[in-house]
Amino acid sequence: QVQLVDSGGGLVQAGGSLRLSCAASGRSFNSAALGWFRQAPGKEREFVASVSGNGFARIYGDSVKGRFTISRDTAKDTVALQMDSLKPEDTAVYYCAAKFSAAAWLAREPNLWDYWGQGTQVTVSS
């Protein structure tokens, strides 16, 4: 079965850091873009970051640019999100995602992505 399992969420004070991880299994994800989205209660799912299959191209949502870093290990089919200088408005459930298409890493709309993790809660206190 194809699975994405994300983890690493928790409670952290504003200004602190967390590192989220996601492990993909069930097929090779070498050619897939991997990304992170987040969703707060009552809000639509929001694009956070994505990385291309070769790991060289990365993009970020405007609200996290300069604070978050996405990375991947293609050989291990894993992706991580390093979150620094966290703010209360970063509080959300974070989901990793995978997409198989040309220039897949450029897609910011959640409905364009193929596979999803179960989500991990990130809470940032004031």
Side-chain angles (χ1 to χ4, degrees):
Q1 296 181 8
V2 175
Q3 291 188 56
L4 299 177
V5 180
D6 38 29
S7 62
L11 175 64
V12 64
Q13 294 186 42
S17 298
L18 282 174
R19 185 176 179 87
L20 307 183
S21 297
C22 177
S25 62
R27 63 173 293 179
S28 174
F29 285 80
N30 292 347
S31 63
L34 297 174
W36 291 92
F37 293 76
R38 65 187 183 185
Q39 188 166 22
K43 305 277 287 187
E44 294 184 357
R45 192 163 296 188
E46 175 190 16
F47 174 80
V48 175
S50 66
V51 59
S52 62
N54 61 16
F56 296 150
R58 301 174 177 86
I59 58 171
Y60 297 91
D62 290 341
S63 63
V64 306
K65 196 172 299 181
R67 299 187 297 119
F68 292 8
T69 303
I70 189 170
S71 61
R72 72 180 295 165
D73 185 333
T74 302
K76 297 180 179 179
D77 285 341
T78 60
V79 61
L81 184 70
Q82 178 67 41
M83 304 185 294
D84 297 320
S85 301
L86 283 162
K87 304 174 181 179
E89 50 263 46
D90 295 319
T91 296
V93 177
Y94 284 69
Y95 300 87
C96 66
K99 188 175 190 300
F100 294 84
S101 68
W105 57 279
L106 294 173
R108 293 175 179 264
E109 294 297 327
N111 62 293
L112 298 177
W113 291 70
D114 301 312
Y115 299 101
W116 294 88
Q118 80 285 356
T120 183
Q121 176 71 48
V122 172
T123 303
V124 184
S125 62
S126 301

K.L.:
Do you know the tightest heavy-atom contact between Ala107 and Leu112?
P.N.:
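Heavy-atom minimum between the residues: CB-CD1, 4.0 Å.
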K.L.:
Please round to the nearest 0.5 Å and tell me the distance separating atom SG of Cys22 and atom CG of Leu81.
P.N.:
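Result: 10.5 Å between the selected atoms.
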K.L.:
Can you confirm whether Asp6 sits close enough to Tyr94 that some side-chain heavy atom of one is under 4.5 Å from a side-chain heavy atom of the other?
P.N.:
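No. Closest side-chain heavy atoms not under 4.5 Å.
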K.L.:
From Cys96 SG over to Arg72 CZ, what is the distance, rounded to the nearest 0.5 angstrom?
P.N.:
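Reported value, rounded in 0.5 Å steps: 11.5 Å.
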K.L.:
When you group the ILVMFWY residues by side-chain heavy-atom contacts below 4.5 Å and let the links chain together, are Leu20 and Phe47 in the same group?
P.N.:
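No, Phe47 does not connect to Leu20 through the hydrophobic network.
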K.L.:
Consider only side-chain heavy atoms of I, L, V, M, F, W and Y, link residues closer than 4.5 Å, and tell whether Trp116 and Val2 are in one cluster.
P.N.:
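No: no chain of side-chain contacts under 4.5 Å links Trp116 to Val2.
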K.L.:
For Glu44, does the CD atom have more than 12 heavy-atom neighbours from other residues, nucleotides or ligands under 6.0 Å away?
P.N.:
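Open: at most 12 neighbouring heavy atoms sit under 6.0 Å from CD of Glu44.
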K.L.:
Could you tell me the separation between the OG atom of Ser52 and the NZ atom of Lys99, rounded to the nearest 0.5 Å?
P.N.:
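Those atoms lie 13.0 Å apart.
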K.L.:
Under 4.5 Å between any side-chain heavy atoms of Leu86 and Phe68, yes or no?
P.N.:
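The answer is yes, as the side chains (C-beta and beyond) meet within the 4.5 Å cut-off.
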K.L.:
Main chain of Arg108, side chain of Ser50: is a donor-acceptor contact present, judged purely on distance under 3.5 Å?
P.N.:
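Not at all, since once roles are kept as given, no pair shorter than 3.5 Å links the two residues.
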K.L.:
Atom CD in Gln82, atom CG in Leu18: separation rounded to 0.5 Å?
P.N.:
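Those atoms lie 8.5 Å apart.
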K.L.:
Which atom pair, heavy atoms only, marks the closest approach of Ser126 to Pro88?
P.N.:
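The pair with the smallest heavy-atom distance is OG-CG, 3.7 Å.
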K.L.:
Could you check if a side-chain atom of Val122 sits within less than 4.5 angstrom of a side-chain atom of Met83, using non-hydrogen atoms only?
P.N.:
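Counting from C-beta outward, Val122 and Met83 do come under 4.5 Å.
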K.L.:
Out of curiosity, Leu4 CG to Asp114 CG, how far, rounded to the nearest 0.5 Å?
P.N.:
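Here the rounded value is 10.0 Å.
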K.L.:
Can a donor-acceptor pair be found, under 3.5 Å and without considering hydrogens, that links the side chain of Gln39 to the backbone of Ala92?
P.N.:
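It does not hold such a pair.
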K.L.:
Taking atom CG of Leu34 and atom CG of Asp73, what is their separation to the nearest 0.5 Å?
P.N.:
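CG of Asp73 is found 11.0 Å from CG of Leu34.
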K.L.:
If hydrophobic clusters are built by linking Ile, Leu, Val, Met, Phe, Trp and Tyr wherever their side-chain heavy atoms come under 4.5 Å apart, do Val124 and Tyr60 end up in the same one?
P.N.:
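Hydrophobic grouping puts Val124 with Tyr60.
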K.L.:
Check Ser28 against Asp77 and note the closest heavy-atom contact, atom names and distance.
P.N.:
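Reported closest heavy-atom pair: CA-OD2, 4.1 Å.
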K.L.:
Does any non-hydrogen side-chain atom of Val79 lie less than 4.5 Å from one of Trp36?
P.N.:
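With C-beta onward as the side chain, the pair touches.
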K.L.:
Ignoring hydrogens and geometry, is there a side-chain-to-backbone donor-acceptor pair from Arg38 to Val48 under 3.5 Å?
P.N.:
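Pair absent, no side-chain N/O of Arg38 close to backbone of Val48.
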K.L.:
Would you mind telling me which of Lys87, Glu46, Glu89 makes a side-chain contact (heavy atoms from CB on, under 4.5 Å) with Ser63?
P.N.:
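For Ser63, the side-chain contact (heavy atoms from CB on, under 4.5 Å) check succeeds only for Glu46.
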K.L.:
Spell out, as yes or no, whether a donor-acceptor pair under 3.5 Å connects the side chain of Thr123 to the backbone of Thr91.
P.N.:
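Side chain of Thr123 to backbone of Thr91, a donor-acceptor pair under 3.5 Å: no, none is there.
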K.L.:
What is the ring orientation for Phe29 with Tyr115, classed by angle as parallel under 30°, tilted 30 to 60°, or perpendicular over 60°?
P.N.:
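Geometry flag for Tyr115 against Phe29: perpendicular rings.
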K.L.:
Verify ring-ring contact (aromatic ring centres under 6.0 Å, His included) between Phe37 and Trp113, making sure each step is shown before the conclusion.
P.N.:
CA-CA 10 Å; Phe37 293 76; Trp113 291 70; 5.5 Å; yes
K.L.:
Whether Lys65 and Asp62 form a salt bridge (side-chain N of Lys/Arg under 4.0 Å from carboxylate O of Asp/Glu) is what I want to check.
P.N.:
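Counted as a salt bridge, because a side-chain N and a carboxylate O are separated by less than 4.0 Å.
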